[in-house]
J.: 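Before anything else, here's the structure in question.
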Amino acid sequence: MTEAAPPAYQAWLLDVYAPPQAQEALPGDPLCVWLLDDDGQRRMLLACLPVTFYAAGPAARLRQAWQFLQNEPNPPRLGRAERRDLFSSQPLTVMTIDCPGCSSQARLFWRLQQFFPDLEFYDADISPALRAAAAWGVFPLARCAVEVGADDRLRRLAALDTPWELDPPPVPLRILELEPDVDPLHAEPQAIKVRFERFSYRFPLNPARPLLANLAALLRRHDPDLLLTDWGDTWLLPRLLELVEQCDTDGLAGLPLNRHPRAGPSYRKEHSYFSYGQIVYKGQQVQLLGRWHVDKRNALLYRDLGLEGVLEFARVTSLPVQDAARLSPGTGISTMQILTALRQGILIPWRKQQSEAFRPASEMFARDQGGLVYQPTPGVHTHVAGIDFVSMYPSLMVRFNISPETAGRLPPDPDHLQPIGAQQDEPPGLVPQTLAPLLEKRIALKTRLGQLPRWDPRRAADQARSAAHKWLLVTCFGYLGYKNARFGRIEAHEAVTAYGREALLRAKEVAEDLGCSVLHLYVDGLWVQHPGWREPADFQPVLDETVRRTGLSISLDGIYRWVVFLTSTLDRRIPVANRYFGVFQDGSLKVRGIEARRRDTPDWISETQMAMLEILAQAPTAEDIPAYLPRALQILRSALQALANGGVPLEKLVLKHRLSRALEAYRGLSPAAAAARQLLAAGKELKPGQAVRFLYVLGRPPAVLAWDLPAAPDPRRIDIPRYRELMLRAAHTILEPFDAPPLGSDGLPLPTQRRLPLPHPQSRVMAGGRPPALPGD
DNA sequence: TCCTCACGGGG
DNA sequence: GTGTACGTGAGGA
């Protein structure tokens, strides 16, 4: 960043942002653009990007706003124009407000909406990175052509590739990893560990001066693009900044965390928010300028996707890498829709005003049914294939052009589901346009994954990238029906589920027409049985014909050696839709809804239940299962013995619950709330969305002991009978379908009378209700 | 027997 | 800074 940039060259785009507030008054209101050159230089260039936003409302108010803006210190250029509003058929007349750059736009908009809160605003809250993405066609890590002017400012930036490349050139990023020697929530760290490539260092926290000097030297020497930390948001970086203050070294220059000159990191406060039907807790964040900070412990997306997935997420959404690692996938899909709208000149509402159009309640009930859920035939089944639609909901949106602006004109009933090749007489809407390339790339990635040999090093990266796409595709459906989404519309949401139900029913018809019986249907998947069929090729005609009749792609999840659909534990006559387990022909298990799949189940129980299932999975056919039951029971008995002897590590008995509300808001004293209170008394406050860990102990209910207390738990207090009960219940779940006799408290079969076989209900009820889960594929 | 609370899905 | 299902099962009163 010291040498002058050549007038024209190629580089990777690392980041785009507005200068920090203290430095806003740069001439021309430029953006900061970070580039990584081929010679390894990291360079910050300033770039001008004029932006326009819009206001609409009654003419008299707009005239007042016009006057107001003209009296501002640096008045923007004003005008009148017609623009397309996604939610109305007529173009909208708007006041255009041209600003020299993003910072002045943000300031003007802030002033304007304070004095004119009754006006509607469009394109008003778009981040600089998105503006740049729309104007220049660039995205994070894009390979770019760069032209630099005589004033050393960026004159032209243009992407040479697209986010849809399957094999983007690898970007030689420099990554410095930082972590304390112990979890700072449980102990006071004594040292900080640093890793860069194959070097690692360990610096004591005390005394602070040499620590800071060493870290500063490493930051200068390696100049990393990414600081990858453990607890960097909540502990490490705040602590380092404190030490900088205390030592009164050179201030920020003493520890160059930021690459941006003369700017400190920015903080975001901790908060809890609702996502995916549950409260999520996000700790305080420390964001850097000119380099990225990602706290592995506080970045949801990073935890799930890893670096490769996060980079892919940033590429396809255009979100800056540092944000991409931390945000939820819902933000990603929303960003992509905004970008599509920006590029097409569609107005982007500031706050969504549009709400669900009034409809009589009866009609709501009739239409808003969610995914189709069947009642499975309970018990053990063989010769069953699991068949799933591939990315069903996003595929429906693309194929049937379901989008907020097209939803009102959709055919009223789903009989219009047409086979492949059907003509679309409307241009694709905003949502399908946004999704189509994503779907295409995901399919291409998955196809390639299927062809890569197991040992191929590209597999891991492709898998992470494929997972990033899956997240985006899964959330786009929820966003369509979310009332606060900018481009959401409930009718579009309902159209998707209606088409989905129709497609699933057609698949069922196909299977039945070809002589199969259908054991179960679940939103985007079906389980079909044919006594004579064993090979994938046998079921292929069902797949092919379903593709023909629905126009959607479908895939064979696998053929089961056997699969068990469970009944309700409260009423043995009622099958439940989403509790089942089975073994594919290759011996791998598929397990849904039972204890081992639940996050709140103690590890000891999950592991024992899975170990028992692994034994049953060794049975070559369903008829052989009885011969394998004794070995499964043996596993159970040794687990119970270990429990009785104190041979189970206490951490394997820990239950985890996520707190859904503030502690005061709990009505009764649930086990989780009781444990959280113990922690509060010990000075550890948990916020909604954080998990509380606890053990069951002897005593009056709720007899729990919080796990993260300062004092180590006393093993003698463990409620052994209760854990035994939980374990027997989990064992029962998987053994009962095989008519295994009931178990005594020692895990031995009880010498009682034979039980009656399960009654099989003849009537299959199709339940409504929204799908409990969203099909990705 | 009622009420309250957390979980699922994906990989 | 962004998805407020809905059915099941467990725990407590």
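Here the structure is a predicted model, which is why all the values come from computation and not from measurement. In what follows, chains are A, B, ... by sequence order, proteins preceding strands, each numbered from 1.
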J.: Out of dG9(B), dG9(C), dT2(C), which nucleotide sits closest to the side chain of R597(A)?
T.: dG9(B)
J.: Could you tell me whether the phosphate oxygens of dC7(B), OP1 or OP2, come under 4.0 Å of any side-chain nitrogen or oxygen in R599(A)?
T.: yes
J.: Within less than 4.0 Å of OP1 or OP2 of dG11(C), is there a side-chain N or O belonging to R729(A)?
T.: yes
J.: In whole angstrom, what separates L300(A)'s CG from dG1(C)'s C1'?
T.: 13 Å
J.: So what does L327(A) hit on the nucleic acid, given a heavy-atom distance under 4.0 Å: a base, only sugar-phosphate, or nothing?
T.: sugar-phosphate
J.: When the aromatic ring centroids of W471(A) and F313(A) are compared, is their separation below 6.0 Å?
T.: no
J.: Does a side-chain N or O of R592(A) approach OP1 or OP2 of dG8(B) to a distance below 4.0 Å, or not?
T.: no
J.: Nearest whole Å is fine: how far is dT2(C) C1' from I333(A) CD1?
T.: 13 Å
J.: With the criterion being N/O to N/O and under 3.5 Å, what pairs connect the protein with nucleotides 2-4 of chain B, and how long is each?
T.:
residue : atom : partner : partner atom : Å
dT4(B)  : OP1  : R667(A) : NH1          : 2.7

J.: By the 4.0 Å heavy-atom rule, please label R722(A) as base, sugar-phosphate, or nothing.
T.: sugar-phosphate
J.: Given 3.5 Å as the limit, does a donor-acceptor pair link the side chain of H520(A) with the main chain of A577(A), or not?
T.: yes
J.: Is there a side-chain polar atom (N or O) of T569(A) under 4.0 Å from OP1 or OP2 of dG9(C)?
T.: yes
J.: Would you indicate what Y479(A) reaches in the nucleic acid, counting non-hydrogen atoms under 4.0 angstrom: base, sugar-phosphate, or nothing?
T.: base
J.: Taking the side chain of H271(A) as its heavy atoms from C-beta onward, which of dG10(B), dG9(C), dG1(C) lies nearest to it?
T.: dG1(C)
J.: What's the closest nucleotide to the S660(A) side chain, out of dG8(B), dC5(B), dG11(C)?
T.: dC5(B)
J.: Please tell me if Y696(A) has a side-chain N or O lying less than 4.0 Å from either OP1 or OP2 of dG11(C).
T.: yes
J.: Can you tell me which nucleotide in dG9(B), dG10(B), dG9(C) comes closest to the side chain of S568(A)?
T.: dG9(C)
J.: Measuring from the side chain of R486(A) (C-beta onward, heavy atoms only), which nucleotide among dT2(C), dG9(C), dC5(B) has the closest atom?
T.: dT2(C)
J.: Using the ring centroid of each side chain, check whether F53(A) and W350(A) are separated by less than 6.0 Å.
T.: no
J.: Between dA10(C) atom C1' and R579(A) atom CZ, what is the distance in whole Å?
T.: 11 Å
J.: Nearest whole Å is fine: how far is dG1(C) P from L130(A) CG?
T.: 18 Å
J.: Any ion pair linking D456(A) and R448(A) (charged N to carboxylate O, less than 4.0 Å)?
T.: no
J.: Think T331(A) has a side-chain N or O under 4.0 angstrom from the OP1 or OP2 of dT2(C)?
T.: yes
J.: Go through dC7(B), dG1(C), dG10(B) for me and flag the one nearest to the D125(A) side chain.
T.: dG1(C)
J.: Would you please name every residue forming a side chain to side chain donor-acceptor pair (under 3.5 Å) with S334(A), sequence neighbours left out?
T.: none
J.: For the P atoms, the ones on dT8(C) and on dG9(B), what distance do you get once it is rounded to whole angstrom?
T.: 14 Å
J.: Can you tell me if Y273(A) touches the phosphate of dG1(C), counting only side-chain N or O atoms and a distance under 4.0 Å to OP1 or OP2?
T.: no
J.: Could you check whether L480(A) gets within reach of a base, just the sugar-phosphate, or nothing at all, counting any heavy atom under 4.0 Å?
T.: nothing
J.: Between D462(A) and R465(A), is the closest basic N to carboxylate O distance under 4.0 Å?
T.: yes
J.: NA contact type, R268(A), heavy-atom cut-off 4.0 Å: base, sugar-phosphate, or nothing?
T.: nothing
J.: Go through dG10(B), dC7(B), dC5(B) for me and flag the one nearest to the D304(A) side chain.
T.: dG10(B)
J.: If I take atom CG in residue L669(A) and atom P in nucleotide dG11(C), what distance separates them, rounded to the nearest angstrom?
T.: 15 Å
J.: Between dG12(C), dG9(C), dG11(C), which nucleotide gets closest to the side-chain atoms of P702(A)?
T.: dG12(C)
J.: What's the closest nucleotide to the L570(A) side chain, out of dA13(C), dC7(B), dG9(C)?
T.: dG9(C)
J.: For the side chain of Y302(A) and the backbone of V294(A), is there at least one donor-acceptor N/O pair under 3.5 Å apart?
T.: no
J.: Taking atom P of dT2(C) as reference, at what distance in whole Å does atom CE of M336(A) sit?
T.: 17 Å
J.: Are D571(A) and R573(A) close enough for a salt bridge, meaning some N to O gap below 4.0 Å?
T.: yes
